[in-house]
> 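I have a structure I would like to understand better, so I am pasting it below and will then ask my questions one at a time.
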Amino acid sequence: MKSSEREQICTMALARQQFFNLAEARYLYETVGSATDIVEHRHDIADLVPDAAPRVAEALRGIDSWIEQAKAEWQYTAQYNIQVLTLHDDDYPNRLRECDDAPLVLFYKGNADLNARRVVCIVGTRRCTVYGQDMIRRFMADLRHHCPEVLIVSGLAYGVDICAHNEALVCGYPTVGVLAHGLDDLYPARHRQVAQRMVGQGGLLTEFTTHTNADKMNFVRRNRIVAGMADACILVESAAHGGGMITAELAREYNREVFAFPGRVGDCYSEGCNNLISQNVAALLTGAEGFLKAMGWETDAKLAKAQKQGIPRQLFPDLSEEEQNVVNVLQAQNDLQINMLSVQSNVPIGQLTAILFQLEMKGVVRTLAGGMYHLLK
């Protein structure tokens, strides 16, 4: 489902209302069903939501000025090919949508599937040591060997973040940077060249509109998106306190798997990791194979090995009814991303992922760059 221009504008205006906290905005949005209806009933919102707080009703009466700003923002996104993803859009990150404090709207520039089969966030200190860099490099290369389809997410900050993005690009992984400001700027500016590469092999994602400064609190808000849109959070290096620790704690609150690389006792930037491991908040991580086993992703490694060795193509593979349905869609229009394939086959993405895996094992389909599925003829 794609939201209309009007719905996108109303959602942007609602998201920018400073009188709402995230939980209130989400509750109002889900209860009414659309931002457009909220705006249209801004003068009688109590008729739709009887338990709406008086201050919420009062704030909505003054939303017209925010609507005008949202229209200007929408024009900017259209001019620069930025996707506006509202909470009910199919392309909105499904994992993030599960979180109570998920943003009502996201702005996205890139080509990665935000609902990729596997999503991992890698976070840590901005003062990444040589040890941390080596851990990221070895882990990423090993993970790529065993599990070729992973979206790597981080915050494009100095240290662990930029190292994770760079190694993902080297390994051929799509990688998404979650920003603490709008897409009209980039902080830190030193990472602009990497960010440009990411737009072609991943993307840039934010909840913030243009002309938003990279303030301290915005980084904290940004961290919840990094944690919420991933299956697992990996902490590489961190002091006892810091952004990486906040992200790991958020990931745990969202019931995500949390891992940490151990460090030498007494090292400042291993203290946070060692603390989380000792407190059983994070699982000790030493390499990709242990990570895959802990996540239950061993089938990915088996598929990668089979693909590397060459899956023998069955001339007349025995397909189930569900598999044949997917094949029929690809025969009509080949090379589809999983979200479009889900719509056209009328199969939920979770179920479709399992079907596509079986079709790959049977040598019927294969994946292309950008998360496209190709029917082998």
Side-chain angles (χ1 to χ4, degrees), residues 1-2 89-95 97 110-120 140-153 168-169 171-176 200-203 229-232 288-289 291-377:
M1 179 189 69
K2 294 288 186 181
D89 283 339
D90 290 334
D91 292 337
Y92 190 99
N94 289 329
R95 298 165 179 85
R97 187 187 286 119
N111 59 5
D113 181 4
L114 301 179
N115 291 305
R117 186 180 182 201
R118 312 297 191 199
V119 184
V120 175
M140 200 84 73
D142 200 18
L143 185 67
R144 176 66 176 173
H145 177 73
H146 292 289
C147 190
E149 297 179 36
V150 178
L151 173 62
I152 302 297
V153 178
L169 292 170
C171 291
Y173 274 143
T175 180
V176 168
Q201 187 182 319
M229 65 183 292
D231 297 304
E289 291 192 53
F291 173 75
L292 292 173
K293 184 176 181 180
M295 291 298 297
W297 294 355
E298 297 98 325
T299 53
D300 293 46
K302 294 177 182 177
L303 176 59
K305 182 178 180 180
Q307 289 176 328
K308 188 174 182 180
Q309 294 175 345
I311 302 175
R313 175 71 190 278
Q314 300 177 32
L315 294 179
F316 303 100
D318 183 21
L319 302 180
S320 67
E321 182 178 346
E322 292 81 4
E323 291 168 344
Q324 188 62 56
N325 175 32
V326 173
V327 168
N328 291 342
V329 172
L330 289 173
Q331 284 177 333
Q333 182 182 350
N334 209 352
D335 300 344
L336 293 173
Q337 288 189 326
I338 192 169
N339 56 333
M340 290 302 301
L341 191 52
S342 174
V343 171
Q344 296 189 29
S345 64
N346 198 30
V347 178
I349 288 180
Q351 181 182 349
L352 182 58
T353 299
I355 293 173
L356 288 167
F357 174 77
Q358 291 300 322
L359 289 174
E360 284 190 82
M361 293 299 292
K362 293 179 179 181
V364 178
V365 302
R366 68 182 178 91
T367 54
L368 304 176
M372 306 285 281
Y373 283 89
H374 175 78
L375 179 65
L376 298 171
K377 298 181 180 178

> Hey, are the side chains of N334 and H374 touching, using non-hydrogen atoms and a 4.5 Å cut-off?
yes

> Do N115 and L151 touch side chain to side chain, with heavy atoms closer than 4.5 Å?
no

> Side-chain contact test, heavy atoms from C-beta onward, threshold under 4.5 Å: evaluate it for L114 versus D91 and give yes or no.
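Answer no - side chains too far apart.
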
> Do NZ/NE/NH1/NH2 and the carboxylate oxygens of R95 and D231 come within less than 4.0 Å?
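Between D231 and R95 there is a salt bridge, with a charged N closer than 4.0 Å to a carboxylate O.
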
> Quick check: do I152 and M140 have side-chain heavy atoms less than 4.5 Å from each other?
yes

> Could you tell me whether a side-chain N or O of S342 sits under 3.5 Å from a main-chain N or O of V347, the two making a donor and an acceptor?
yes

> Any side-chain heavy atom of E322 sitting closer than 4.5 Å to one from Q358?
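Answer no - side chains too far apart.
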
> Indicate yes or no: at least one non-hydrogen side-chain atom of N94 is less than 4.5 angstrom from one of I349.
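Of all side-chain heavy-atom pairs linking I349 with N94, at least one is under 4.5 Å.
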
> When you measure from the side chain of Y92 to the backbone N and O of R97, does any donor-acceptor pair fall under 3.5 Å?
no

> Mind checking whether L341 and L356 have side chains closer than 4.5 Å, heavy atoms only?
yes

> Heavy-atom distance under 4.5 Å between the side chains of Y173 and L143, does that happen here?
yes

> Donor-acceptor pair, N328 side chain versus Q324 backbone, under 3.5 Å?
yes

